[in-house]
Amino acid sequence: MITINVTTRDGDRQQIDGQEGSALMEMLRDAGLGVDGTCGGMCSCGSCHVYIASETTLPKPSEDEADMLEGMGSIVEVRPSSRLSCQIILKPELDGLEVEIAPQF
Ligand code: FES
């Protein structure tokens, strides 16, 4: 089990647990934290946008993810820590990851 520390859009802090190999978006969506995952993880909707609050060694965004984030920048605040949570696959080294859910896109 991998535990993620989440700050919601309301500023509440919650801990949620997920299985290795599942997408962070699925955890956030299934926990009812306001992440829709509208495109089902195809990197094409932006509804799973999060800010990664902790120092971590996440793989760099793919070209598709980077392009999507760049395109979102005129509508929502995109930070250097911005990621699409559908592209983050849970691994043991992500246990304790700090994530803030970005404003609705
Ligand atoms: S679920 Fe659509 S971009 Fe992540």
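All of these numbers come straight from a predicted model, not from anything done at the bench. As the structure lists them, so they are numbered: ligands from 1, and atoms in each ligand from 1.
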For this session: Decide, yes or no, whether a salt bridge links E65 with R83 under the criterion of side-chain N to carboxylate O below 4.0 Å.
Result: yes
message = Using a strict threshold of under 4.0 Å (side-chain N to carboxylate O), is an ion pair present between R13 and E98?
response = yes
**Prompt:** In terms of side-chain heavy atoms, does H49 have a donor or acceptor partner in S82 at a distance below 3.5 Å?
**Reply:** yes
Taking every heavy atom of I16 against every heavy atom of A31, the minimum-distance pair comes out as CG2-CB, 3.9 Å
Quiz item: Under a single-linkage definition using a 4.5 Å side-chain heavy-atom cutoff for Ile, Leu, Val, Met, Phe, Trp and Tyr, are L97 and V50 assigned to the same hydrophobic cluster?
Solution: yes
Near atom 4 (Fe) of ligand 1, protein N/O/S count under 2.8 Å comes to 2
Taken to the nearest 0.5 Å, the spacing of T38 OG1 from D36 CG works out to 4.5 Å
